[in-house]
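As structure tokens, the structure follows; a few thoughts come after it.
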Amino acid sequence: QVQLVESGGGLVQTGGSLRISCAASGRAFDSYAVGWFRQAPGKEREFVAAISWSGGRTYYADSVKGRCTISRDNANYTVYLQMNSLKPEDTAVYYCAAKPRTRSSVVPTTRYQYDYWGQGTQVTVSS
């Protein structure tokens with residue numbers, strides 16, 4: 001089992017950058033895939049990015065591709081999401097989620113596939 005805590009959210013102007021973090025506690029963090037999701041008011045939670053156990057594979061939603069980078073530091077049990085060229089439509093609560101590695105080694109990109117969730121961190125992009 002793993003516990004997740006997001007941090008680093010805040011208010012940023014359009015075109016700005018922000019790095020949010022997901023700190024994990026528990027065992028064998030390097031056996032979990034981690035994803036970032038976001039949820040804006042009145043909208044469903046949507047996929048943003050995901051990273052494999054070793055960090056060798058990354059996946060991005062089309063809406064953030066080229067603007068966001070997901071990375072992980074397994075030694076420090078942390079996953080990061082670097083967000084650049086932020087837009088007002090990026091405003092949302094950002095959640096990280098973790099999924100134990102399966103035999104198929106598929107990295108999930110839908111929220112229903114993840115088992116553990118953090119409480120979220122608010123990102124607000126002003127126009």
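What you see is a predicted model, and the numbers here were worked out from it, not measured in a lab.
Linking ILVMFWY residues whenever their side-chain heavy atoms come closer than 4.5 Å, directly or via other members, places V48 and V125 in the same cluster. Transitive grouping of hydrophobic side chains (ILVMFWY, heavy atoms separated by less than 4.5 Å) keeps Y80 and V34 in distinct clusters.
In this structure, D62 pairs ionically with K65, as a charged nitrogen and a carboxylate oxygen lie closer than 4.0 Å. Ion pairing between a basic and an acidic side chain is recognised when a charged N comes within 4.0 Å of a carboxylate O; R38 and D90 show such pairing. The existence of a salt bridge linking E46 and R111 is excluded, since no basic side-chain nitrogen approaches an acidic carboxylate oxygen closer than 4.0 Å.
Contact check for Q3 versus Y116: no side-chain heavy atoms found under the 4.5 Å cut-off. Counting heavy atoms from C-beta outward, T124 and V12 have side chains that stay 4.5 Å or more apart. The closest side-chain heavy-atom distance from L86 to L18 is below 4.5 Å. A heavy-atom distance below 4.5 Å is not found between the side chains of Y94 and Q39. Here the side chains of C22 and W36 are in contact, with some heavy-atom distance below 4.5 Å. I20 is listed as a side-chain neighbour of M83, based on a closest heavy-atom distance under 4.5 Å. Considering only heavy atoms from C-beta on, Q82 stays 4.5 Å or farther from I70 through its side chain.
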>> Show, in sequence, the C-alpha distance, side-chain angles and deciding distance for R57 and S105, and conclude whether the side-chain contact (heavy atoms from CB on, under 4.5 Å) test is met.
In response: CA-CA 11 Å; R57 288 180 286 155; S105 294; 4.1 Å; yes
> When you look at S126 and L11, which way does the side-chain contact (heavy atoms from CB on, under 4.5 Å) test go after all the steps?
Replying inline: CA-CA 7 Å; S126 63; L11 175 65; 4.2 Å; yes
> Where do Y77 and D30 land on the side-chain contact (heavy atoms from CB on, under 4.5 Å) test, with the steps shown first?
Replying inline: CA-CA 8 Å; Y77 279 42; D30 59 357; over 6 Å; no
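Between A40 and A92, the shortest heavy-atom contact is N-CB, 3.8 Å. Taking each heavy atom of V123 and G9 in turn, the nearest pair found is CG2-CA, 4.2 Å. Residues T69 and Y60 share a closest heavy-atom pair of CA-OH, 3.3 Å. Residue P108 comes nearest to V106 through the heavy atom pair CD-O, 3.5 Å, listed as atom of the first residue, atom of the second, then distance. Nearest heavy-atom pair across A24 and V2 is CB-CG2, 3.7 Å. Residues L81 and A49 share a closest heavy-atom pair of CD1-CB, 4.1 Å.
Residue pairs meeting the side chain to side chain donor-acceptor pair (under 3.5 Å) criterion with at least one partner in residues 5-22, sequence neighbours excluded, are S17-N84.
With R72 contributing its side chain and S52 its backbone, the two residues share a donor-acceptor pair below 3.5 Å. Remark: side-chain polar atoms of N76 are not paired, donor with acceptor, to backbone N or O of T78 under 3.5 angstrom.
Through side-chain heavy atoms spaced under 4.5 Å, either directly or across other Ile, Leu, Val, Met, Phe, Trp or Tyr residues, F37 is tied to F47, W53, Y59, V93, Y95, V107, Y114, W117. Grouping Ile, Leu, Val, Met, Phe, Trp and Tyr residues whose side-chain heavy atoms lie under 4.5 Å apart, directly or via other members, leaves Y112 alone, with no other cluster members.
A distance of 10.0 Å separates SG of C96 from CD of Q119, quoted to the nearest 0.5 Å.
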